[in-house]
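All ligand and atom numbering here is 1-based and tracks the order in the structure.
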Amino acid sequence: MQRVYNFSAGPSMLPVPVLEKAANEMLNYEGSGMSVMEMSHRSKVYDGIITSVQQKLREVMGIPDNYKVLFMQGGASSQFAMVPLNLMKTGKADYVVTGQFSGKAAEEAKKFGEVNLAASSKDKTFSYIPAQEELKLNPDADYVHICFNNTIFGTKWNYIPDTGDVPLVADMSSCILSEPFDVSRFGVIYAGAQKNMAPAGLTVVIVREDLLGNAAPNTPTMFNWKTMADNDSMYNTPPCYCIYVLGLVLDWIKEQGGLEAMKKINTNKAQLLYSFLEQSKLFKTPVRPDCRSLMNATFVTGNEELDALFCKETAAAGFVNLKGHRSVGGMRASIYNAMPTEGVEKLVEFMKAFEEAHA
Ligand SMILES: *Cc1c(COP(=O)(O)O)cnc(C)c1O
């Protein structure tokens, strides 16, 4: 059966060579006589896998030595609670709300302390990212939380905010590995893996060492980042198979030329779509040009029936999951690392034809 161009926001496409390698190794991983799925996480073979995956992630992202990499579960959504549990010392934190996930993160943090809304882009339905001058930061906050790429609204921070001595915490679920980031500018980066890294079930947390050890005393053991750091993410059974697939994805990224090369490819793909949208007489994107996401492009026709027809016709033609998030409607093309340039080119061709038929 023919594979489709899958524009899902997550779980999303994985590179075909990764799926092929995983398939080839499914029954017998490197002569071990078993699948990685069947392996003890305490075995020597698995120890080799998890150690090398962490090493590869450090290398690909340029993670400095004074940062720990944690392989956790519970999704990015569990980090909405773990961030305040692990970082609130005085009980005050700044949140910038630029969409649904950052809003949920702020709401969750209110259970643990005082949340200062440092800025919000709700006034314009989250179609932009506030500028540095607009951030009302509290110098005494324990941390500042942002969502770097807003998966639902299709916006991205085009700068890393300066938060002085206050650690910056970023939800990077939908942009991690899409381009290089200066990790040293962040105190904590976390991401659910199912967008750009691996299958669902793994959450990656990258945390600066000096921020560990401040968890509230009643923090559940499993929610304390220090437990994970002290036990090399092996306090309990980690999401073994997802970590293994992340390793295959990192090998694939290295073959593409690393994150600089991914950025070029991703910028080109996004540009194909946005430049079409800019001149289209039917489709338009609500996002301010300087805040457009490289990973999730949102657009509408302005007519809900036409939007629905577009989603139906694209799906029939092999472009699936283009329907926008249920909370906002319209369309969204998620074009993560694994979406080939050809998929975007063909989608744009389809959109042109649809426009001619309906404009
Ligand atoms: C998908 C996503 C989430 C939610 O991730 P889960 O792993 O499902 O909890 C949170 N934040 C962002 C930016 C996302 O894209």
inquiry  = Is a donor from one side chain sitting under 3.5 angstrom from an acceptor on the other, for N150 and T98?
reply    = yes

key: Non-hydrogen atoms of I129 and C291 that approach each other most closely   = N-SG, 3.4 Å

task = Go through R288 and S127 one step at a time and tell me if the side-chain contact (heavy atoms from CB on, under 4.5 Å) criterion holds.
result = CA-CA 6 Å; R288 210 173 73 190; S127 60; 5.6 Å; no

query = Do any N/O atoms on C147 end up under 3.5 angstrom from N/O atoms on ligand 1?
reply = no

inquiry  = Under 4.0 Å, heavy-atom basis, I'd like to know which part of K195 is in contact with ligand 1: side chain, backbone, both or neither.
reply    = side chain

Centroid-centroid distance, Y46 to H41, less than 6.0 Å = no

task = Please determine if K104 and E107 form a salt bridge, counting it only when a charged side-chain N lies under 4.0 Å from a carboxylate O.
result = no

request  = Report the member of T98, I176, T151 with the shortest heavy-atom distance to atom 13 (C) of ligand 1.
outcome  = T151

message = Give the atom numbers and elements of ligand 1 that come within less than 4.0 Å of a heavy atom of Q194.
response = 5 (O), 6 (P), 7 (O), 8 (O)

request  = Enumerate the atoms of ligand 1 whose separation from the nearest heavy atom of D171 is less than 4.0 angstrom.
outcome  = 10 (C), 11 (N), 12 (C), 13 (C)

inquiry  = Do the side chains of K92 and D140 get close enough for a salt bridge, i.e. N-O under 4.0 angstrom?
reply    = no

task = Would you check the N or O atoms of S78, main chain and side chain alike, for any that come under 3.5 Å of an N or O of ligand 1?
result = no

task = From the options G75, A76, A105, A170, select the one whose nearest heavy atom is closest to atom 5 (O) of ligand 1.
result = A76

inquiry  = Just to confirm my output: which protein heavy-atom neighbour is closest to atom 3 (C) of ligand 1, and how far is it?
reply    = F101 CE2, 3.4 Å

query = For N149 and ligand 1, does the shortest N/O to N/O distance drop below 3.5 Å?
reply = no

query = Which residue holds the protein heavy atom closest to atom 9 (O) of ligand 1, what is that atom called, and what is the gap in Å?
reply = S77 OG, 2.5 Å

message = Regarding N196 and S178, do their side chains bring together a donor and an acceptor under 3.5 Å, going by distance alone?
response = no

